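These notes concern the structure reproduced below.
Hydrogens, waters and symmetry mates are skipped; everything else that's a heavy atom, side chains included, is used. These figures come from a predicted structure and were not determined experimentally. We count ligands from 1, going down the list as the structure has it; atoms in each ligand are counted the same way.
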Amino acid sequence: MIHRYEKNPVLAAKDIPYPATLIFNAGVTKYAGRYVMVFRNDWGDWKGGGGPAGTNLGVAYSEDGMTWKAENAPCWELETDEIRRVYDPRLTVIDGSLYLCVAVDTNHGIRGGVVKTEDLKHFEILSMTAPDNRNMVLFPEKHDGKIMRLERPFPVYSRPGNEDFDIWFSDSPDGCYWGNTRLVLGAEQVPWCNNKIGPAAPPIKTKAGWLALIHVVDTEPGRVFEGWEKNFVWTKRYTMGLMLLDTDEPWRVIGMSKKPVMIPETEYELTGFRGSVIFPGGMILEDNGEVKIYYGAADTVECLATADVDELIDLCLT
Ligand code: BMA
C-alpha cells in the first residue's frame with residue numbers, strides 16, 4: 001500500500017554543497033509554485049563516533065517532489081548564549097504564509113518553536129513553548145480564526161512507564177499565544193507502541209477528516225540496532241502510524257491504523273547513525289489522490305514514499 005521511491009534517498013549528504021553529514025527529518029510543502037524542503041543537517045565526524053560540529057537547516061527545491069536541488073548555503077543556524085540549535089523542521093502554508101515548527105535545544109530544556117518566514121532567509125520566531133516539548137506541526141487551515149497545532153510535550157515525572165509521551169492539541173489566534181490545550185492520543189492507545197508517540201507530518205485535509213501521520217516507538221529487551229554513537233546503545237525502533245481527526249473538532253480521533261503503516265526494512269532505514277528509524281515530517285496530497293510522504297531514514301538520509309489517499313483513510317477506519 002505504501003510504495004518506497006525506487007531512487008531513495010531523495011536527499012543525502014553527497015547532494016549538499018557545504019559541510020554535511022546527516023541529512024534527515026525534513027519538512028516539505030508546496031509554496032510559491034514549487035516543492036520546498038527544509039532539512040536538518042548534523043555535520044561533523046559522526047561516523048568516527050565524534051559529536052556534531054554543528055546542526056543547521058538547509059533548503060532544497062523541486063519541480064516534481066522527487067528530484068531535489070539544495071541551495072548553496074544553509075538557510076538557518078541559531079545559536080545564542082541560551083539556544084544551542086534548532087532542528088527537525090515541519091512546514092505548513094496557512095493563508096499563503098509559510099510557517100515552520102522547530103525543536104529548539106536550550107540550556108534549560110527542549111522547546112517547541114513556531115516560526116514565520118517569507119523567503120526562507122529571514123525567520124521570525126513567534127513563540128516558544130515551555131520545556132520539554134517538540135514534534136509540533138501546524139494544520140494548513142485555521143479553525144474559527146485560530147491556528148491549530150499538534151504537539152508532543154514529554155512529561156518525565158508524571159507518567160508511570162518509560163517515556164509514555166502522548167500527542168496534544170492547542171490553538172492560537174496569532175501564533176504567539178497558545179491555549180485550548182487538549183489530549184489527542186495517548187501512547188497507550190497505539191497497539192504496537194510500548195514507548196512514545198509523536199506527531200509526524202502536518203495533517204492533510206480529506207473528505208473523511210484530517211489525516212495525520214504519527215511516529216510510534218517500540219523497544220524490546222535485548223534488541224539492539226545499528227548506531228554510530230560511541231558508548232551509546234541504540235534500542236528504539238521508529239515506525240509510522242496514521243490517525244484520522246474530526247474535521248470540526250480536530251482534537252478528536254475518529255480513526256487510527258491498527259498496525260504500523262511503515263516499518264524500517266530497507267538498508268537505508270536499518271543502517272546509519274541510528275538504525276531502524278522512520279521519522280516522517282512531510283506529507284503532500286496531490287490532485288490525483290496520491291500522497292507523497294517524506295521521512296528521515298536512520299537519522300542519516302531523507303526519503304520518499306507514496307500512497308493513495310483513500311487507501312490511507314481505509315486503514316484508519318477498518
Ligand atoms: C527523536 C528525535 C529525532 C530523531 C529520533 C530518532 O527523539 O531526536 O530527531 O530522529 O529521536 O533518533
Quiz item: Below 4.0 angstrom, N of the basic side chain to O of the carboxylate: do Asp42 and Arg40 qualify?
Solution: yes
Practice problem: Determine, for Trp178 and Arg149, whether the Lys NZ or Arg CZ falls below 6.0 Å from the six-membered ring centre while staying within 45 degrees of the axis. | Solution: yes
Quiz prompt | Sequence neighbours excluded - ring-ring contact (aromatic ring centres under 6.0 Å, His included) pairs with any residue from residues 36-72 | solution = Trp46-Phe273, Trp68-Tyr294
Exercise. Tell me, please, which residues at least two apart from Asp287 pass side chain to side chain donor-acceptor pair (under 3.5 Å).
Key: none
Quiz item: Mind checking what makes salt bridge (charged side-chain N to carboxylate O under 4.0 Å, His left out) contact with Glu63, not counting sequence neighbours?
Solution: none
Short N or O separations between ligand 1 and the protein, below 3.5 Å:
residue: ligand 1; atom: 7 (O); partner: Arg134; partner atom: NH2; Å: 3.0
residue: ligand 1; atom: 7 (O); partner: Tyr238; partner atom: OH; Å: 3.3
residue: ligand 1; atom: 9 (O); partner: Asn25; partner atom: ND2; Å: 3.2
residue: ligand 1; atom: 9 (O); partner: Arg40; partner atom: NH1; Å: 2.9
residue: ligand 1; atom: 9 (O); partner: Asp88; partner atom: OD2; Å: 2.6
residue: ligand 1; atom: 10 (O); partner: Asn25; partner atom: ND2; Å: 2.9
residue: ligand 1; atom: 10 (O); partner: Asp299; partner atom: OD1; Å: 2.8
residue: ligand 1; atom: 10 (O); partner: Asp299; partner atom: OD2; Å: 3.4
residue: ligand 1; atom: 11 (O); partner: Tyr238; partner atom: OH; Å: 3.0
residue: ligand 1; atom: 12 (O); partner: Arg274; partner atom: NH1; Å: 3.1
residue: ligand 1; atom: 12 (O); partner: Asp299; partner atom: OD2; Å: 2.6

Exercise. Determine, for Lys292 against Glu290, whether the closest basic-nitrogen to carboxylate-oxygen distance falls under 4.0 angstrom.
Key: yes
